[in-house]
Structures are given as C-alpha cells and as structure tokens.
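One structure below.
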Amino acid sequence: MSIILVGGCGGMNFAIRRRAARQRLTGSLCFAIVFANVLQAQFDPAAPTEPVAPSVNSLKDLSIEDLMNIEVTSVAREPEKLQDAPAAIQVITGDDIERSGAESIPEALRLADNLEVAQQNSHEWNISARGFNTDLANKLLVMIDGRTVYTPLFSGVFWDAQDYLLEDIDRIEVISGPGSTLWGANAVNGVINITTKSAKDTQGLYVEGGGGIQPQDFMAARYGGIIAPNIYYRVYAKYTDWNHEDFSNGSAANDAWDQAQGGFRIDADPSSFNKFTLSGDLYGVTENDPTVAGIAKNNGGNLLGRWSHTFSSDSDMSLQMYYDRTHLLDPEAAAYAEPAGVLADTLDTYDVDFQHRFALGDRNKIVWGLGYRFTDDTVEPAPTITFLPNHLDQHLYSGFVQDEIKLRDNLFFTLGTKLEHNDYTGWEVEPSARLQWNLTSKQMIWAAVSRAVRTPSRIDSNLSETTGLGAPFPSSILDGSTDFVSETLIAYELGYRAQIGSKTTASLSLFYNDYNNIRSTTSTTPATFPTFGFPLVFQNNLEGQTYGFESTANYQVFDWWRLHAGYDLLQEYIRIKPGQVDFNDALNETADPQQQWSVRSSMDLPHNVTLDSALRWVDTLHNNNGPTPGTVPSYYELDVSLGWRPSPGFELSIVGQNLLHSRHTEYGFPSTTREEITRSVFVKASWQY
C-alpha cells in the first residue's frame, strides 16, 4: 500500500493502493480434510452420501412477502425476519447479485441504496454509509462470515483485496447507522455483513468464464461434495484479469490488474444441536500503478472455525476463531529529497469471539458475548513513508450485552452496550437504546439512540511522511499524534417499514448524527520560510452534524416483473471547533453527494430469458485538495444484464455497464491524473451440475 501526499479527493489525499500475487491452496485443503476426518465418527450414518443437485435461482420465485421474511442476523446477532428488524437495513440476495451481472463485491454493493459507492480507478473503490466517503473512509465495518476485514492501518477496507466466488454468496446485509453496541468500534456509520452459503447448499460442480472490455477475462470453478454422512465440503478457485481505465484526457491510465483467489469450506452437522464450520481462503492481487510506473502486490489468507450449539428454541451459543494474514508490497515514488522505494506491511490477526443467547422469563431476550483480538503489524518503511514504531502488537478486549424487553405484545424496548479496551485510548463505551412498535403484522415503526466511536488507527497515531531535507527545513510533512483520541458519534434514528398489500414494500429511515473529535490536520510551526508550516499533525479539531433520510420501495408489477427504487438525502455540516485550526478548512473528511437515487427492473421473459437493468443518478460530489474545493459532476448511468438459460444448469449472459457514457468520473479532485470509468460490455457462460 502506498501513502502519498498529493492533491486529490479527501483533503491531503493520502492515496492508499493495494496489490498482490497468487498462492496455492494445498495447505488449507489438507487442514480441511484433517478436520473432517476428526469429526466423521460423530455423524448420522443414515444421512445421504451423494451430492445434492444445486437449486437454480431459488429466490427468483419468491413473492414480495417471502422476501420480507428473509432472515437477517446483523441487527440483533440472532436470526430475525427482515420485516421485524428495527434498523435501516437492506439485503442483497445471491439472486440479486447473479442477475445484476456484478463481477466483484464492490459492484454488488451498488445494489444497496443506503451506501455511497464510487469507483476511483480500475482497482480502487470508495464505499461508505451516511457520508465521510474519502480516500481514508474509516466509519464502516465490513465482515465476511463474521471475519472483520477492515485494516487497523487506517480503519478502512482494501476493497481490491476482498473477493469471493459471487455464486456462493447467500446474502449481503447492509445496515446504515451505528452498530457499535453489538459489533464494536468502527461500526460508526454502518455495517456490511457478507454471508456465504453453507457447503451443503453448494453441492456438485460449477464453472464459469467470460470476458470483454471490463473485466478482460475471468474464470472460476467450484466443486462441492460429501466427505462423510452430514459432512459437506466445497473447494473453489477463481481468476480475474481487469482492464485499465482512462485519464480525463482519454489516454490509458495503465492501471490494469489481476486477482486470483481460492479456498474451501466444510460444514458439519453431527446433530440438530451442534454445527461446525471450517473455512479458509488464499488470494493474490497484482496491480499496475501509473503514479510510480511500478507493480504493487497484495497477498494473504485466512482460516476460520465456528461451533454453534443450540440448547433450546430460545437459547444457543457460538464460538468463533479466525486467523488472518495480509502482506502489502507497494512502490513509492520519489518525493521531496527522498528517493523512490517500496513500502511493505505484514499484518497477522488472531480473533476469538463468544456469544450466548437466552430468554429470561417471557419478556426478556438477552444476548451477550466476549471477544479478544490480537494484531501483529510490521511495516518496512519506504524512504518517504514510515510508521513509528515499525512493529506494533495490539490487544483488543471486548464484551457486550443486550436485552430485548417485551413491553406489550407489539411493543419492544432493546437496551444494550459494548465495552472495549484498545491500546490507544483505553476503555470505550458504546451503548444504544432501541424501540420497536409493530403497528400490524406487516407494519413497524422503530426509533434508536446510539453512541459509537472510531478508535485511532496507525495512520492517526504512528504515521511519519518524511522529506529527507536537513535543517532548518522540516524533517517531515505529515505526522501522526500519540494524543489522537477516538472520534465519537451520538446518532438519533427513526424508521418505518411496511408491506403494503401483496405487491408493495416500503421503508423510510431518518437520521441525525452529532460528531465530535473528527480528525483534522494542524500545523505545528509558523507558515513561513523555511518550515512553511510543516509538519502537519493529525489532531481532533473538528465537529459537526449530518442529517437526512433513506427510502426504498419494491413493487411487483406482474408475476414476471419486479421494480425497485431508492432515494437518499444527506446534509453535512462539519466545522472547526471554536479556537482550533485545520489546514484543510474542515473539508478533509467528507466527499459525498447530497442526493442519489436508483431504479432497478427485473424481468423473467419467455423462453427462460431474464432482463435486468439499473439506472442510477449521483449528485455532484464536493471534494478538496487542502483548503481548495473541487467537484465531481453529477451523472446518470445505466447497467443492463441479459441472461438466457437454455437448460437448468447452463446460462449465457451479456452484461453492459455504464452504458450512457463512453466514460465518466465518480471520484477524485479535478486534475490531469483523475481517472474516468469507461463503458464496458462482457459476456459470461456458467454451468453447474
């Protein structure tokens, strides 16, 4: 990853780039087989021993009512119907992803109306909820099967390193609004929880391939089978070769990249009371970096195990452990008096999470849990960038408790808090209170007040961007601060969700967010020769409010035609605290459109043909380069996916993305190096048996 002090979106625009190389799956698969053999003797010998043929588009035939009954787990840490979840939550189903033609997780996230999704170049995406969508966006917690994927380097997500075989994703739950009470720090403005399918549901062979303008070519294969009665497994591998995007003058940006990933999953059900899951992935990414004419790499892997035990219909527990390793290798351009170099970061994460749910009498449903995370981070500095100390071990201890109290048959009050201890700021408390009123079995009003924190990252506290200049010139341009404290949020929310008749659903979420101690950059010396005000230091000199609303609706026009629409409004008022200063004039942390809307259409046409289209409009995005404001113009875009299934296991599709313009800008400060996203068409063939 590289951090470069250059002009661009998000103030000082410390651009972070991530890349990687391919690795083999042998070690992980051997571990998987050993795990399966250990469990084999416990299982029911009467269970089926042959793979079950996969179902085809199982959600396609669900009614509007069935879709509202989809189970989600992110709101309460237990399964509940979407209709009954008292939060601003949207669900992207596996069928939604397949029909959209998305070939990456960021592309799939465009299907969530309550997210801001902006593609910066061929391999970099900026994704956030309810604002603060800058290069260093850090207020959105992202999980894949319960494994946290944000990096403590800057409390954000390397989106180019997050991948999976999209065919095997069951659903993506997207919550806008705080989730810190259950999920902890950095779940400030939202939570994305990606859940993959059980190995039992992915039996048989699946292969896909295709290519076009973007991506240039891709291929993937997955096989699922049975190791022993009630022990199911799958293995998969995929490779994608992504084309470059263009600069604003139309020339090629030379930022093409490729991505390879493989992995496995084993699910074991020894009884109706116990379930075991073991999964692992290895990945590699290699990216061309036009800013330094070099190659950046990112590789890593993870191993996750989970045991779930059911005591009764209203009591269960789970124990989850995972190990995650990432290695970033990124070339850095020469800057100031420093030569070019390579920055490397190796992060090892060990995480343990325990949760217990039970009922206390007839009116209380309690869920509580404990967690521990250890990270071992080593940064090998480039001449221009370093972190002090270069090696850092950190411990995160946490516990939470939440009680859902039944006040009446249709009225529920939920009270809970999370308590965390981190090595930067010590103890943090993140409470919430939530009221749910079920007007009818199909209409619900909810309200919530929550406190959330964004704890310091290594960039905030340990960064040093050096100049190589001797005295009397400054030795660095930008430094972290050991005095940096947690950013805080008090959020107020009000929502409504309803099924109106048999053909329509609607939801509306209003919010008012009050932020304090937002990150700022402050000069430590007079702004005169020879220091010119440098180095700048990260501090907490900003505060402010945001407010707005998010709305969605689904309408089943006919049995074969469904429409979806969403609209978001966001107002931001971020300012410098009285008596304080900020080099970026309070423009550094926000780069967000005030409004955005989308309309999607899904049709099942005769002869097993499907036609899906998505039209979106994004308002003008205001960004900055230091105290200088800039904009990304508003734009319309259209995506279309046409599929044909001549037989139950075979499908051909053609996908067009960004069809309204030959190229358009979604992010970045106006400059000759700002990239534009080009129109793309590709074809795809898939077969499963």
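If you read the sequence from its start, that first residue is 1, and numbering goes on from there.
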Would you find a donor on one side and an acceptor on the other, under 3.5 Å apart, between the side chain of [X] and the backbone of [Y]?
{"X": "Asn133", "Y": "Asn126", "result": "yes"}
{"X": "Glu430", "Y": "Thr417", "result": "no"}
{"X": "Thr151", "Y": "Ser155", "result": "no"}
{"X": "Glu116", "Y": "Gly131", "result": "yes"}
{"X": "Glu107", "Y": "Glu103", "result": "yes"}
{"X": "Lys197", "Y": "Glu167", "result": "yes"}
{"X": "Asp592", "Y": "Leu570", "result": "no"}
{"X": "Arg497", "Y": "Leu82", "result": "yes"}
{"X": "Glu666", "Y": "Gln119", "result": "yes"}
{"X": "Ser315", "Y": "Ser312", "result": "no"}

Where Asp604 and Arg99 come nearest, the two heavy atoms and their spacing: OD1-NH1, 2.8 Å
Shortest non-hydrogen contact between Leu141 and Thr148, atoms and distance: CD1-CG2, 3.7 Å
Residues that Phe400 engages under ring-ring contact (aromatic ring centres under 6.0 Å, His included), provided they are two or more places apart: none
Value rounded to 0.5 Å, distance of [atom1] in [X] from [atom2] in [Y]:
{"X": "Leu494", "Y": "Ile445", "atom1": "CG", "atom2": "CD1", "value": "7.5 Å"}
{"X": "Asn69", "Y": "Leu67", "atom1": "CG", "atom2": "CG", "value": "9.0 Å"}
{"X": "Arg234", "Y": "Tyr206", "atom1": "CZ", "atom2": "OH", "value": "12.5 Å"}
{"X": "Thr546", "Y": "Glu572", "atom1": "OG1", "atom2": "CD", "value": "6.5 Å"}
{"X": "Arg434", "Y": "Thr414", "atom1": "CZ", "atom2": "OG1", "value": "7.5 Å"}
{"X": "Asn189", "Y": "Ile175", "atom1": "CG", "atom2": "CD1", "value": "13.0 Å"}

Would you say the side-chain atoms of [X] and [Y] include a donor-acceptor pair closer than 3.5 Å?
{"X": "Asn608", "Y": "Trp644", "result": "no"}
{"X": "Asp612", "Y": "Ser641", "result": "no"}
{"X": "Asp168", "Y": "Tyr236", "result": "no"}
{"X": "Thr181", "Y": "Ser432", "result": "yes"}
{"X": "His564", "Y": "Asp113", "result": "yes"}
{"X": "Ser74", "Y": "Glu173", "result": "yes"}
{"X": "Thr93", "Y": "Asp96", "result": "yes"}
{"X": "Asp170", "Y": "Thr195", "result": "no"}

Trace of the side-chain contact (heavy atoms from CB on, under 4.5 Å) decision for Glu487 with Leu489: CA-CA 7 Å; Glu487 300 178 347; Leu489 163 68; over 6 Å; no
Phe412 six-ring centre to Lys406 NZ/CZ under 6.0 Å and within 45° of normal: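 Relative to the ring axis of Phe412, which defines the angle, Lys406 lies outside at least one limit.
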Pi-cation contact, Trp437 with Arg408 (under 6.0 Å, within 45°):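 Verdict for Trp437: no cation-pi partner in Arg408.
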Side-chain contact, heavy-atom cut-off 4.5 Å: [X] with [Y]?
{"X": "Gln499", "Y": "Thr504", "value": "no"}
{"X": "Glu637", "Y": "His664", "value": "yes"}
{"X": "Ser507", "Y": "Tyr496", "value": "no"}
{"X": "Ile127", "Y": "Val157", "value": "no"}
{"X": "Ile192", "Y": "Leu115", "value": "yes"}
{"X": "Gln203", "Y": "Tyr232", "value": "yes"}
{"X": "Ile70", "Y": "Lys81", "value": "no"}
{"X": "Glu428", "Y": "Ser486", "value": "yes"}

Aromatic ring pairing Trp307/Phe276, orientation class (parallel under 30°, perpendicular over 60°, tilted between): parallel
More than 12 heavy atoms of other groups within 6.0 Å of Trp560 CH2: yes
Flag if over 12 foreign heavy atoms under 6.0 Å of CZ, Phe413: yes
Aromatic centroids of Phe311 and Phe358 separated by under 6.0 Å: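 Between Phe358 and Phe311, the centre distance exceeds or equals 6.0 Å.
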Contact list for residues 544-557, test salt bridge (charged side-chain N to carboxylate O under 4.0 Å, His left out), sequence neighbours left out: Arg130-Glu550
Asp514 and Tyr547: CA distance, side-chain angles, deciding distance, side-chain contact (heavy atoms from CB on, under 4.5 Å) verdict: CA-CA 9 Å; Asp514 189 2; Tyr547 65 87; over 6 Å; no
For Glu78, salt bridge (charged side-chain N to carboxylate O under 4.0 Å, His left out) partners two or more places apart: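 Testing Glu78 for salt bridge (charged side-chain N to carboxylate O under 4.0 Å, His left out), a comparison that skips the adjacent residues, returns Arg357, Lys365.
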Test log, rule side-chain contact (heavy atoms from CB on, under 4.5 Å), inputs Gln594 and Asp619: CA-CA 6 Å; Gln594 184 182 85; Asp619 202 354; 3.7 Å; yes
Salt-bridge contact Arg265-Asp145 (side-chain N to carboxylate O under 4.0 Å):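 Between Asp145 and Arg265 there is a salt bridge, with a charged N closer than 4.0 Å to a carboxylate O.
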Check against side-chain contact (heavy atoms from CB on, under 4.5 Å), Ile144 and Gln162: CA-CA 9 Å; Ile144 300 178; Gln162 312 309 323; 4.0 Å; yes
